[in-house]
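Below, read A as the first sequence line, B as the second, and so on, with proteins coming before strands; counting in each chain starts at 1. FYI, side chains are in, hydrogens and waters are out, and symmetry mates aren't considered; it's all heavy atoms of this structure.
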2 protein chains.
Amino acid sequence: MTSRRKVSNLLGLAVLAALRTRPMHPYEVAGLLREWGKDNDMKFKWGSLYTVVGNLEKHGFIKAVGSSREGRRPERTVYALTAEGRAEAEDWVRDLVGRPEPEFPRFKAALSVLGVLHPDEATRLLNERLRLLDERVAAERAGLAALDMPRVFLIEAEYDVAMRQAEADWIRSLLGELRDGTLTGAEAWREYYATGQLPPDWSQPPE
Amino acid sequence: MTSRRKVSNLLGLAVLAALRTRPMHPYEVAGLLREWGKDNDMKFKWGSLYTVVGNLEKHGFIKAVGSSREGRRPERTVYALTAEGRAEAEDWVRDLVGRPEPEFPRFKAALSVLGVLHPDEATRLLNERLRLLDERVAAERAGLAALDMPRVFLIEAEYDVAMRQAEADWIRSLLGELRDGTLTGAEAWREYYATGQLPPDWSQPPE
DNA sequence: CCTCCTTTACTCGTGCACGAGTATAAGCAG
DNA sequence: CTGCTTATACTCGTGCACGAGTAAAGGAGG
């Protein structure tokens, strides 16, 4: 069990949310999520969908309410939300919103081992990332502005833009500090790649 | 294979980074990572450590260079970084830094299904999250300031603080918009919970 | 009306993540 | 020196994630 939740994959939450509108079969759920752009908000993998639906059923959050069959296609099971499922969805969202949990973005991990690269290369890569982020932020902002749609439906997207923007700003400031030498320890880093010698405190940072 | 990388767990990257200093056995690696505070930067699970080390060896990124034994304790295999491992680590970091990939924070997923809650409850929870975030940011900032240590070693932590801060700011602005009604569609949301009736465009948002 | 491509709708196997369990050793209290 | 707790150092099994594969149906072109 990955967490204390019976079904841990967030796709499960999306499925529950979709089934709030009406009973559906899995593929229909997928279509709706696609239409809602949810595949942009969370990992959406076909393989996971059916496992997740199966688990939701196993734990009583949804139940099969019939199956339609057209021609000789595989039978499509239609699922409906149960009372437990409705409660689970609400509780899950409450948890996710109310309690910030530590997350581990890949970029953070990368920053923590940035020392494996030469400072000049690191700088170059950070500039590259910055460029891509700026582009994407601009594109997404434009996309959002073009879409005339009540903004409540778009808060995740607005959040996303805000976060990317913040990351871009942070990188810009880091690059600034690297440029004008106000980032303490940066010379030691450079030194290491010049002389092959670690400053004494690299393998055991003080305190 | 989760991605195109032979070993996909980021813990593997940390292991490679640690082995750059000198050959070590897995538990020693773990200790070093702890000491470096890496367990704060990425998911660190004991179960994963040994799987990851095994896979790194299988793919030739590290190799056993002997095994020490003390008393009748289980034998401890000491691993060293290979040339391929060194290259892999560098390439991996290059990738992570240079190419922003879409990520799916849990809060983003939560925002995308925020509609399952009553707007008042959502507001309450957002306020709660905001409070916790502000607290944590303050604490981390204080912690960082207290630690007199070259800042190059702390960029991940500084990044983290900046991101949390940005999130807090974004939530504050969202709450503001909810309060003074400048978030379009918010009345429809409220309406739905008052009348039980979905506005016509909930199940199929236009465009 | 036949063939080929695309869309629909899944299934299956591999491989990994991770928590819980285990076993030895070291410290220390009485 | 005996028994208890804490730290050390893993192992193992379950369960899930996910990509690749499959197969029927619909459509479109000749």
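- Contact annotation: the side chain of B:T51 never approaches that of B:K45 to less than 4.5 Å [non-hydrogen atoms, C-beta and beyond].
- When side chains are defined from C-beta on, B:K38 does not count as touching B:E156, because their heavy atoms never get closer than 4.5 Å.
- At C:dC10, one or more side-chain N or O atoms of A:H25 fall inside 4.0 Å of OP1 or OP2 (strictly under the cut-off).
- Contacts between residues 39-48 of chain B and DNA chain C, counted as heavy-atom distances below 4.0 Å, involve B:K43, B:K45, B:G47, B:S48.
- Atom OH of B:Y27 is separated from atom P of C:dA26 by 14 Å (rounded to the nearest Å).
- A:K63 has no carboxylate O lying under 4.0 Å from a charged side-chain N of A:E84, or vice versa, which leaves the two without a salt bridge.
- Look at OH on B:Y79: it is 15 Å from P on D:dA9, rounded to the nearest Å.
- DNA chain D is contacted by A:T51, A:N55 of residues 51-60 of chain A, taking any non-hydrogen atom closer than 4.0 Å.
- The interatomic distance linking B:L11 (CG) with C:dC16 (P) rounds to 14 Å, in whole Å.
- Going from atom CZ of A:F104 over to atom C1' of C:dC18 covers 14 Å, rounded to whole Å.
- Residues B:V113 and A:L16 fail the side-chain proximity criterion, which asks for heavy atoms closer than 4.5 Å.
- Counting only heavy atoms from C-beta outward, the side chains of A:Y79 and A:V53 approach each other to under 4.5 Å.
- The pair A:R131-A:E135 meets the salt-bridge criterion, since a charged nitrogen lies less than 4.0 angstrom from a carboxylate oxygen.
- Rounded to an integer number of Å, the gap from CG of A:L32 to C1' of C:dA9 is 17 Å.
- The side chain of A:N9 lies closest to D:dA17, out of C:dA17, D:dA17, D:dA9.
- A salt bridge does not link B:R94 with A:E128: none of the charged nitrogens is closer than 4.0 Å to a carboxylate oxygen.
- One interatomic measurement links the two molecules: OH of A:Y50 to C1' of C:dG13, which rounds to 18 Å at whole-angstrom precision.
- Checked for salt-bridge contact, B:D95 and A:R106 miss the test: no charged N lies under 4.0 Å from a carboxylate O.
- B:R164 has no carboxylate O lying under 4.0 Å from a charged side-chain N of B:E167, or vice versa, which leaves the two without a salt bridge.
- In this structure, B:R34 places its CZ atom 13 Å from C1' of D:dT8, rounding to the nearest Å.
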